[in-house]
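Below, chains carry the letters A, B, ... as their sequence lines are ordered, and counting in each starts from 1.
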There are 2 protein chains.
Amino acid sequence: MNDQKTGAVSMDYTDILTKIRRIIRSVNLESKRIEKEYGISIPQLLALNYLKTRNNFQASHKEIKDYLQLNASTITGIISRLEKKGLVARLPKQNDRRVGMITITARGAELLGKTPAALHERLSIKLQTVAPEQLQKLQDSFDTIINFLEIEDLEAAPIFTDEVNEVK
Amino acid sequence: MNDQKTGAVSMDYTDILTKIRRIIRSVNLESKRIEKEYGISIPQLLALNYLKTRNNFQASHKEIKDYLQLNASTITGIISRLEKKGLVARLPKQNDRRVGMITITARGAELLGKTPAALHERLSIKLQTVAPEQLQKLQDSFDTIINFLEIEDLEAAPIFTDEVNEVK
DNA sequence: TAAAAATAGTTTGTATAGAAACTATTTTTT
DNA sequence: AAAAAATAGTTTCTATACAAACTATTTTTA
């Protein structure tokens, strides 16, 4: 199936970059909207939600970091802001005194109870207007994107092609 | 909404959100890498590149804003940083004294000459490892995502039903 | 056991990004 | 012509996000 389309394929890398940036922007706007409506951002909400699912409602800084896949310093900021709002609390250090455990507060859980909708609401409603097959295709594409975006060593990258790189 | 699907489709909205965030993160990391290597970020590079394509190599603040589709205040920051590096210059206001024109400098053009690769290089190389059909699917999916992410009034949103959206 | 290395978090500095409030103009209404 | 509204940008504030440098602790190695 070669796409020797006569121009349809002129849509190239720059296009993809541009599109990705538009998506990023949309998601950011969505996040800000939620932040304004609920006083809490999506990253904060994700962290809070993670804590709620945990044993004893607590997790270490590192665990949150690994879960959200963000830089340690970014996590520090998110936790600090949640702490300032009284939605989480930092616990005193124990055995390994390098490890800081964070826990969700009653107030945090309460807020979470009010906003399961937040995460879903708008985006979900939109997604529900998309048919299942479409959704599946979306998923596949996301996986593809994620796959190659996260390939680190290009040399070792698996080449899935034959007569491909006619990429102009 | 009946999700009586047996698992394959259990991959749902939260997943999509998570995946989008991973993509965002990758693109951001890419941007930082370029910034470190060339002393200029992708948004800055895009703005600079836009100026280069323009008549007399200049554009108004608003035009840049519309092109990059960013908030006015964000543009101010980007332009200011480019100005500080001597890659663009703010021109004195003319007829309509509200309008500020920005122009690219020789140094800016020179840098641009050195970095067409930047935008392409890494991402392009990666994209070249993706087969054309795959790429097409990616494009389609991006369009779908962008479409529904940017639908503002849900009520008025076109509902794509089951058989319609065979988009490909 | 003392030095070196690794691990966990924080701090500092920088960029993107947007909202809200503000200034300065220009255009439209009244 | 004066008042109101719209437009163009900037400033200030806040959040995400990362890297680099740093502190404190623990583990490994010599």
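- No hydrogens or angles were tested; on distance alone, a donor-acceptor pair under 3.5 Å links the side chain of R98(B) to the base of dT7(D).
- Checking side-chain atoms of K84(A) against main-chain N and O of I79(A) turns up no donor-acceptor pair under 3.5 Å.
- Between D96(A) and E35(A), the one whose closest nucleotide on DNA chain D sits nearer the 5' end is E35(A).
- Between the E63(B) side chain and the S60(B) main chain, a donor and an acceptor come within less than 3.5 Å of each other.
- The residue S80(B) sits apart from the nucleic acid: no heavy atom pair falls under 4.0 Å.
- Taking 4.0 angstrom as the limit, T76(B) places a side-chain polar atom (N or O) nearer than this to OP1 or OP2 of dT10(D).
- Of the possible donor and acceptor atoms, one in the side chain of R107(A) sits under 3.5 Å from a partner among the backbone N and O of K85(A).
- Taking atom NZ on K32(A) and atom P on dA17(D), their separation rounds to 10 Å, with Å as the unit.
- In the interface, the side chain of K36(B) is not paired with the base of dA19(D) through any donor and acceptor atom under 3.5 Å apart.
- Residue order along DNA chain C, read from the 5' end via each residue's closest nucleotide, puts E63(A) first among E63(A) and R81(B).
- Atom-to-atom, CG of L70(B) to C1' of dA17(C) comes out at 7 Å; the value is rounded to the nearest Å.
- Judged by closest nucleotide on DNA chain C, R90(A) is the one of R90(A) and K85(B) placed further toward the 5' end.
- In this model, the phosphate group of dA17(D) is not approached by any side-chain N or O of Q69(A) to a distance below 4.0 Å at OP1 or OP2.
- Atom CG of L46(B) is separated from atom C1' of dT16(C) by 13 Å (rounded to the nearest Å).
- Across all their heavy atoms, A47(B) and L68(B) have their closest contact at CB-CD1, 4.1 Å.
- Computed from coordinates, the H61(B) NE2 to dT25(C) P distance equals 16 Å when rounded to whole Å.
- Not one side-chain nitrogen or oxygen of S41(B) sits closer than 4.0 Å to the OP1 or OP2 atom of dA15(C).
- For the pair K93(A) NZ and dT10(C) P, the computed distance is 6 Å after rounding to whole Å.
- Under a 3.5 Å cut-off, the side chain of T105(A) and the backbone N or O of L87(A) do form a donor-acceptor pair.
- Following rounding to the nearest Å, I75(B) (CD1) and dG18(C) (C1') show an atom-to-atom distance of 12 Å.
- Straight-line distance from the NZ atom of K84(A) to the P atom of dT16(D): 11 Å, rounded to whole Å.
- Nucleotide dG9(D) holds its P atom 9 Å from the CD1 atom of I64(B), rounded to whole Å.
- Nearest-nucleotide positions on DNA chain D place S73(B) closer to the 5' end than the other of S73(B) and N95(A).
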